Amino acid sequence: MVTIDMMFFLIDAEIEQLDDSIYVCLQLFIGLLPLNHSLIHKLSAVYVEVSASVKKVILRMLDHAVRAMGMHSPDIHKFIETCPQGAETLLIRILHILTERAAPLHDIVRRVRELYRKQIPDVRVLVPILNVLDKREVMAALPQLIKQSSAVVKEGFGRLLGIHRGTGAGRSPVTAQELMVAMHNIDVSEEDTMKAAMKAITLLFQERAVYTQEVLSVVLHQLMDLTPLPTLFMRTVIQARQACPRLIPFIMNILSRLITKQVWKQPSVWQGFVKCCQMTKPQSFQIMLQLPPRHLQSVFEISADLKEQLKAHISSFTPHQRGLIPRAILQVIEKETKKKSVRKTRGSAKAQDPSAALTEQAESVAVEDLSLDTEPILEEETVADELEGAALRKSEVDDPGYEQEQELSGDVQQMETGESLGDDDSVPLQS
């Protein structure tokens with residue numbers, strides 16, 4: 001008769017090679033978990049030592065056994081409290097299985113909180129219980145959550161928005177509006193954080209059933225009242241316009257209010273303002289005529305095409321309508337020939353000054369990025385993430401332990417989202 005110790009000896013004996021004997025031993029051992037819950041501790045001890053291929057098999061086999069054990073199992077509670085280093089992905093998988101069809105027990109939530117605070121500061125541990133944390137805890141976790149893989153971020157958002165099958169009947173600690181606004185309140189002064197926030201906002205926009213025209217109107221109104229305006233505000237305005245074209249009249253009101261808030265004092269938001277005017281013409285022509293002359297000229301310097309289009313627009317005005325336009329504004333619009341020559345001179349100067357040319361190019365890229373549709377934004381960022389991940393794996397080729405953990409970290413979440421194991425969308429454990 002094969003004993004438990006013999007099964008573990010067989011697993012350890014072929015730690016780098018997955019063969020039929022290991023598979024049979026694992027299947028038999030995991031099948032015994034519902035009958036002897038304490039075996040979960042021996043499983044975690046072996047999990048730390050085995051190869052990545054064996055770990056994948058363990059993670060795949062757990063579903064039925066963990067559900068049979070249930071959230072009331074004292075041994076599962078103990079495992080959460082004493083999770084050994086290196087078994088984090090095993091714990092995360094177990095937590096996802098337990099909360100897949102029901103809200104977590106209070107004792108589970110308490111233990112996971114303590115584990116996160118004292119032992120494993122990995123935000124992915126919190127994802128299965130996000131929807132039962134308080135608002136303060138959720139807000140504190142968001143900056144780290146958005147830096148995870150797209151699968152992890154979507155899982156977390158799904159639980160908070162109530163669209164995940166295991167969210168339970170409880171009420172989410174944050175509303176859809178609060179979650180979107182919170183994305184804009186994250187400090188995006190660092191480039192990687194800004195990219196992560198952009199990706200996260202794009203993922204939220206993909207939830208069309210949640211972020212309806214009415215919800216987006218509330219979000220934009222709340223963002224508009226923030227001082228200073230969030231860096232990504234105009235990007236979100238543009239994405240809202242793309243998602244809900246009927247919002248254009250509301251967006252015109254936003255642009256008009258931005259003028260009263262002197263939007264040109266925030267360069268990043270000002271660039272987005274001009275891009276939004278480009279994308280909402282001819283409705284935006286009336287907004288542009290409200291700008292002070294100096295800042296209308298700035299609009300033309302950013303987007304020269306708008307000058308000709310605005311000039312053609314006012315040429316259709318009646319004499320009375322034209323008379324309502326301030327003379328200084330008309331002068332800016334009509335100084336076409338003279339300004340062109342000045343712009344050519346400036347262009348020549350920039351050609352001789354490489355630093356000026358690079359600055360202009362960087363600003364141009366920032367502006368163009370605002371015009372991307374929701375789906376291409378995410379696709380482009382995914383490609384970038386894959387390239388970055390490939391480079392990271394190459395630099396860590398001499399560290400097989402890191403490579404295995406990198407691979408498994410993504411596997412846990414991919415099983416929750418229905419993705420195949422082995423994709424590039426894996427994220428290493430946070431140190």
Side-chain angles (χ1 to χ4, degrees), residues 1-99 107-108 110-122 124-126 128 399-413 415 421 426 428-431:
M1 181 175 179
V2 179
T3 66
I4 292 173
D5 290 337
M6 287 174 63
M7 284 190 286
F8 275 104
F9 173 78
L10 288 173
I11 295 172
D12 287 334
E14 301 289 344
I15 195 168
E16 296 298 332
Q17 179 182 345
L18 183 62
D19 57 22
D20 291 342
S21 63
I22 294 178
Y23 187 88
V24 171
C25 287
L26 284 173
Q27 193 172 39
L28 177 59
F29 181 81
I30 292 175
L32 292 173
L33 284 176
L35 303 177
N36 185 352
H37 294 190
S38 66
L39 295 179
I40 191 72
H41 307 296
K42 290 189 176 182
L43 178 64
S44 66
V46 170
Y47 183 88
V48 173
E49 302 297 332
V50 296
S51 65
S53 58
V54 177
K55 282 177 174 155
K56 286 183 181 181
V57 173
I58 293 174
L59 295 176
R60 284 194 177 108
M61 288 181 172
L62 283 174
D63 293 56
H64 176 74
V66 172
R67 289 195 186 100
M69 294 172 72
M71 281 188 280
H72 292 279
S73 170
D75 285 288
I76 284 185
H77 293 188
K78 183 179 179 181
F79 173 57
I80 295 173
E81 291 179 341
T82 62
C83 177
Q85 185 176 3
E88 294 89 348
T89 50
L90 176 64
L91 171 64
I92 292 170
R93 179 61 184 153
I94 290 174
L95 290 174
H96 274 284
I97 295 171
L98 291 173
T99 59
D107 285 345
I108 294 283
R110 178 177 59 81
R111 286 177 168 84
V112 172
R113 275 177 168 145
E114 289 300 306
L115 183 72
Y116 176 73
R117 291 171 183 167
K118 298 179 179 180
Q119 185 176 342
I120 306 177
D122 183 342
R124 290 171 303 155
V125 173
L126 294 180
D399 186 355
Y402 175 91
E403 188 172 306
Q404 292 175 7
E405 194 58 54
Q406 171 90 358
E407 195 174 45
L408 283 161
S409 299
D411 291 346
V412 173
Q413 191 61 37
M415 282 188 284
L421 290 169
S426 60
L429 290 170
Q430 298 292 324
S431 59

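Both backbone and side-chain heavy atoms feed into the values below; hydrogens, waters and symmetry mates do not. Fair warning: this is a prediction, and the values are worked out from it, not measured in the lab.
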What closest approach, in Å, do [X] and [Y] show between heavy atoms, and which atom pair accounts for it?
X	Y	result
Arg60	Asp63	O-OD1, 3.7 Å
Ile58	Leu62	O-CG, 3.2 Å
Ala87	Ser44	CB-O, 4.3 Å

Supply the atom-to-atom distance [X] [atom1] to [Y] [atom2], rounded to the nearest 0.5 angstrom.
X	Y	atom1	atom2	result
Leu95	Leu90	CG	CG	9.5 Å
Phe29	Leu43	CZ	CG	5.5 Å
Lys42	Leu33	NZ	CG	12.0 Å
Lys56	Met61	NZ	CE	14.5 Å
Asp75	Ile40	CG	CD1	8.5 Å

For Gly70, is there any backbone N or O sitting under 3.5 Å from a side-chain donor or acceptor partner on Ser73?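 Side chain of Ser73 to backbone of Gly70, a donor-acceptor pair under 3.5 Å: no, none is there.
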
So, does Glu81 use its side chain to make a donor-acceptor pair with the main chain of Phe79 at under 3.5 Å? no

Walk me through whether Ile76 and His37 qualify under side chain to side chain contact (heavy atoms under 4.5 Å, CB included). CA-CA 8 Å; Ile76 284 185; His37 294 190; over 6 Å; no

Tell me, do [X] and [Y] make a side-chain contact under 4.5 Å, heavy atoms counted?
X	Y	value
Arg110	Asp107	yes
Leu98	Ile94	yes
Leu91	Leu115	yes

Whether Glu114 and Arg111 form a salt bridge (side-chain N of Lys/Arg under 4.0 Å from carboxylate O of Asp/Glu) is what I want to check.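 No salt bridge links Arg111 with Glu114.
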
Neighbour count above 12 (heavy atom, 6.0 Å) for His41 NE2: yes

Verdict with supporting geometry, Val54 and Ser51, side chain to side chain contact (heavy atoms under 4.5 Å, CB included): CA-CA 5 Å; Val54 177; Ser51 65; 3.5 Å; yes

Test side chain to side chain contact (heavy atoms under 4.5 Å, CB included) on Glu88 and Val125 and set out the steps. CA-CA 8 Å; Glu88 294 89 348; Val125 173; 5.7 Å; no

Test side chain to side chain contact (heavy atoms under 4.5 Å, CB included) applied to Ile92 and Ile120, step by step: CA-CA 11 Å; Ile92 292 170; Ile120 306 177; over 6 Å; no

